[in-house]
Amino acid sequence: MIAEISTLSPEERATRLQHLGGPLPRAVRPNRSPPGDEALPDLPDLPGAEPGKVTLRFAPFPSGALHVGHARGIFLNDAYRQRYDGRFFLVFDDTVGSAEKRPSLESYDLILEDFQLAGVKLSKIYYKSDRLPEYYRHLPPLLEQGSAYVCLCPAEELRRRREAREPCPERDREKAWQQEAWEGMLSGRYGEGEAVVRLKTDLNHPNPAFRDRVLFRISELDHPRVGHRYRVWPLLEYSWGVDDVELGITHVLRGKDLVMEDEMEQALWKAWGWTGPRFTHFGLLRIREAKLSKSKFQKEIASGAFEGWSDPRTWSLRSLWRRGIRPDAVRQFVLSFGLSLADIEVPAETLYAMNRHLIDPTTPRRAFVPQPVPVKVLGDPLGPRRVELANHPEHPEMGERTLQVDDLFYLPGRDVASHLGEEVRLKDLLNVRLPGSIRPEPLPANFTSQPNKPLPRLQWVPAGEAVPVSVLGVDHELTEGFGEADLARAPEGGLFQFERFGFVRADVLPLAGERRRFFFAHP
RNA sequence: GCUCCCGUAGUCUAGUGGUCAAGGAUAGAGGCCUCUCGAGCCUCUGACGCGGGUUCAAAUCCCGCCGGGAGCACCA
């Protein structure tokens, strides 16, 4: 069986890739490593997981597009969903946030779209901003049994007392007062910052943040989905304490940065007498080249310096896809780290290598001539003619394209400069001797012979049908030049390998008179 | 500072007491192939942080140290 899979996998890969033009859903795989992913380590089993009885969730805060760190959580959850034939929920973690960290309306669509393009199937989508009544409903019992209380301390005072391990004056007030004060928070008797609800925990807890943590606070911030409908908002741990149980989550797979939240949720479940899901963590993942922060991107995007969330400099998932990096490569990439708890920084090169393996067998080759120099070939006995070139050197079934050749060509300026006076080969066409200097405008080069010879090989474009092309690099550096004629009509999303240059993806078709733009994926 | 996590080659990762004179990926070197500086094939370089202990036997268990990371909001 395994031997069978490995012999079939090249074709299997190829056929799958042919269908990957758009956001098609991926086929459900059996379990463990899917075909084509022999290199991936098997993930360990989830504690207490039973096939058909696993529910997972992913909970992004909607403040921008998803990045590679998110991808680790998403693909890991998705891998387990597939293994156990379970359910996977997307839960928008869209409570009001804070003045510095706010949800934005466009982010909901951005995230949904990212999931679709990633090929991750969702069983259900929830919005926390729809679930405020649920959160409210579970608080009174906590007040009633004295495990939570309303605190009227100003923020500064709260922090000071917490640091000093001192209780606040309201901590032990009678239940009736607590219930009444809670009603007061909901009805608007207190203003922003004047009252919070806190969980009663050990005031001597070694982690100050854990001492009587805040459960609800008042916020007058406008919410992109529900506006000002609510003014009392739960904090992350409380909303999760409720949702992880009410939505029937069985396993929580989250980043290591959220370990403290486990303890908080468990404290809440203990107070309610509930049993919650199991927690599993994974370390933080960063791509070495992606140094900038999310808030920095927001600023650059707002100012217009960046072209939105798909700007390659953001290293967002959509920016990778825009460059021609397949979602499947990202999936393999993040799954290759397993459930490791180490925080890691991986060079993008590793991701590129995976993508290259994935796309190379099915990506057509084309000539792109950067910094073009016009060259006139003198004495070519074959004269003007049409030549056919294979789209892929190893896959003749991918067909050919036809070029109309005359005596005028564009050659890469750098190569011409470094081979002046030498004989070079225009790849797949003919051999010429370059002149000793770059003087006359169409550079005269004498035809020497036609058959292949072991000479430096240069890519070329017939001047008569050259198309102006630009390639936008990862850091937004622009390389301009000429490409083969049919690149003008390449559909958006088309992948090409520009020979001796790298893999690129065609951007939207340009307006009349504009250069055709491609995004650079990797060498 | 406090709490927690991690420490296998340049970078990731497999490894849960013997089959490890440590496997894979990526990067690097060399060769083959190829009318691309891509892919493919072959070969090579290269690692268990340090010090104790437990054991017949330790990358694997225990302790200490040293390094690295994360968390420590009325953010998520």
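A note on names: the letters A, B, ... follow the listed sequences, proteins ahead of strands, and every chain is numbered from 1.
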A.B. asks: Take atom P in B/rU3 and the same atom in B/rC65, then report the distance between them in whole Å.
C.D. replies: 13 Å
A.B. asks: Assign A/Arg288 to base, sugar-phosphate, or nothing according to its heavy-atom contacts below 4.0 angstrom with the strands shown.
C.D. replies: sugar-phosphate
A.B. asks: Please check this pair: side chain of A/Asp94 against backbone of A/Pro103, looking for a donor-acceptor N/O pair closer than 3.5 Å.
C.D. replies: no
A.B. asks: For the CG atom of A/Leu253 and the CZ atom of A/Arg278, what is their distance to the nearest 0.5 Å?
C.D. replies: 13.0 Å
A.B. asks: Does a side-chain N or O of A/Ser340 approach OP1 or OP2 of B/rU13 to a distance below 4.0 Å, or not?
C.D. replies: yes
A.B. asks: Consider only side-chain N and O atoms of A/Asn452 and A/Arg425, and report whether a donor and an acceptor are under 3.5 Å apart.
C.D. replies: yes
A.B. asks: Can you confirm if the NZ or CZ of A/Lys128 lies within 45° of the ring axis of A/Trp240 and under 6.0 Å from the centre of its six-membered ring?
C.D. replies: yes
A.B. asks: Does A/Arg457 come within less than 4.0 Å of A/Asp428, counting only side-chain N to carboxylate O?
C.D. replies: no
A.B. asks: Report which part of the nucleic acid A/Arg254 touches: base, sugar-phosphate, or nothing (heavy-atom distance under 4.0 Å, all strands).
C.D. replies: nothing
A.B. asks: Could you say whether A/Asp360 or A/Val346 is positioned toward the 5' end of RNA chain B, judged by the nucleotide with the nearest heavy atom to each?
C.D. replies: A/Val346
A.B. asks: How does RNA chain B look in dot-bracket form if you count Watson-Crick and G-U pairs under 3.5 Å, write [ ] for pairs that cross, and put | where a base pairs with another strand?
C.D. replies: (((((((..((((....[....)))).(((((.......)))))....(((((..]....))))))))))))....
A.B. asks: Under 4.0 Å, counting only non-hydrogen atoms across every strand here, what does A/Pro451 touch: a base, just sugar-phosphate, or nothing?
C.D. replies: nothing
A.B. asks: For a quick check of understanding: with a heavy-atom distance under 4.0 Å over all strands, which category does A/Asn207 fall into, base, sugar-phosphate or nothing?
C.D. replies: sugar-phosphate
A.B. asks: So does A/His395 get a side-chain nitrogen or oxygen closer than 4.0 Å to the phosphate oxygens (OP1/OP2) of B/rA39?
C.D. replies: no
A.B. asks: Does A/Leu236 reach a base, just sugar-phosphate, or nothing at all? Heavy atoms under 4.0 Å.
C.D. replies: base
A.B. asks: Checking all strands, does A/Val196 fall into the base, sugar-phosphate, or nothing category for heavy-atom contacts under 4.0 angstrom?
C.D. replies: base
A.B. asks: Mind checking A/Asp93 for me? I need base, sugar-phosphate or nothing, with any heavy atom below 4.0 Å counting as a touch.
C.D. replies: sugar-phosphate
A.B. asks: If you measure from the Lys or Arg side-chain nitrogens to the Asp or Glu carboxylate oxygens, is any gap between A/Arg286 and A/Asp343 under 4.0 Å?
C.D. replies: no
A.B. asks: With a non-hydrogen cut-off below 4.0 angstrom, is A/Asp212 in contact with a base, only sugar-phosphate, or nothing?
C.D. replies: nothing
A.B. asks: Taking atom C1' in both B/rA70 and B/rC61, what distance in whole Å separates the two?
C.D. replies: 26 Å
A.B. asks: Tell me what A/Pro393 touches on the nucleic acid: a base, only sugar-phosphate, or nothing, going by heavy atoms under 4.0 Å.
C.D. replies: base
A.B. asks: Specify the residue among A/Thr350 and A/Glu499 whose closest nucleotide of RNA chain B lies further upstream toward the 5′ end.
C.D. replies: A/Thr350
A.B. asks: A/Arg198 near the nucleic acid: base, sugar-phosphate alone, or nothing, with a heavy-atom cut-off under 4.0 Å?
C.D. replies: nothing
A.B. asks: List the protein contact pattern of nucleotides 62-69 of chain B with one symbol per nucleotide (5' to 3'): B for base contact, S for sugar-phosphate-only contact, - for none; contact means a heavy-atom distance under 4.0 Å.
C.D. replies: -------S
A.B. asks: Please measure how far the C1' atom in B/rC56 lies from the corresponding atom in B/rG51, and state the result in whole Å.
C.D. replies: 23 Å
A.B. asks: Between B/rG46 and B/rU36, how far apart are the P atoms? Round to whole Å, please.
C.D. replies: 33 Å
A.B. asks: Check every strand shown and say whether A/Glu345 touches a base, only sugar-phosphate, or nothing at a heavy-atom separation below 4.0 Å.
C.D. replies: sugar-phosphate
A.B. asks: On the side chain of A/Gln497, is there an atom forming a donor-acceptor pair with the base of B/rA39 - under 3.5 Å, no angle test?
C.D. replies: no
A.B. asks: Under 3.5 Å, is there a donor-acceptor pair between the side chain of A/Thr363 and the main chain of A/Leu495?
C.D. replies: no
A.B. asks: Test side chain to side chain donor-acceptor pair (under 3.5 Å) on A/Ser129 and A/Arg225; report intermediate values, then the result.
C.D. replies: CA-CA 7 Å; A/Ser129 51; A/Arg225 283 186 79 245; 2.6 Å; yes
A.B. asks: Which value, in whole Å, describes the distance between the C1' atoms of nucleotides B/rA9 and B/rC48?
C.D. replies: 10 Å
A.B. asks: Would you say A/Thr95 places a side-chain N or O within less than 4.0 Å of OP1 or OP2 belonging to B/rA76?
C.D. replies: yes
A.B. asks: Pick base, sugar-phosphate or nothing for A/Gly193, based on heavy-atom distances below 4.0 Å to the nucleic acid.
C.D. replies: base
A.B. asks: Taking atom types as they are modelled, is there a donor-acceptor pair under 3.5 Å from the base of B/rU36 to the side chain of A/Arg365?
C.D. replies: yes
A.B. asks: Contact class for A/Leu235 vs. all strands (heavy atom < 4.0 Å): base, sugar-phosphate, or nothing?
C.D. replies: sugar-phosphate
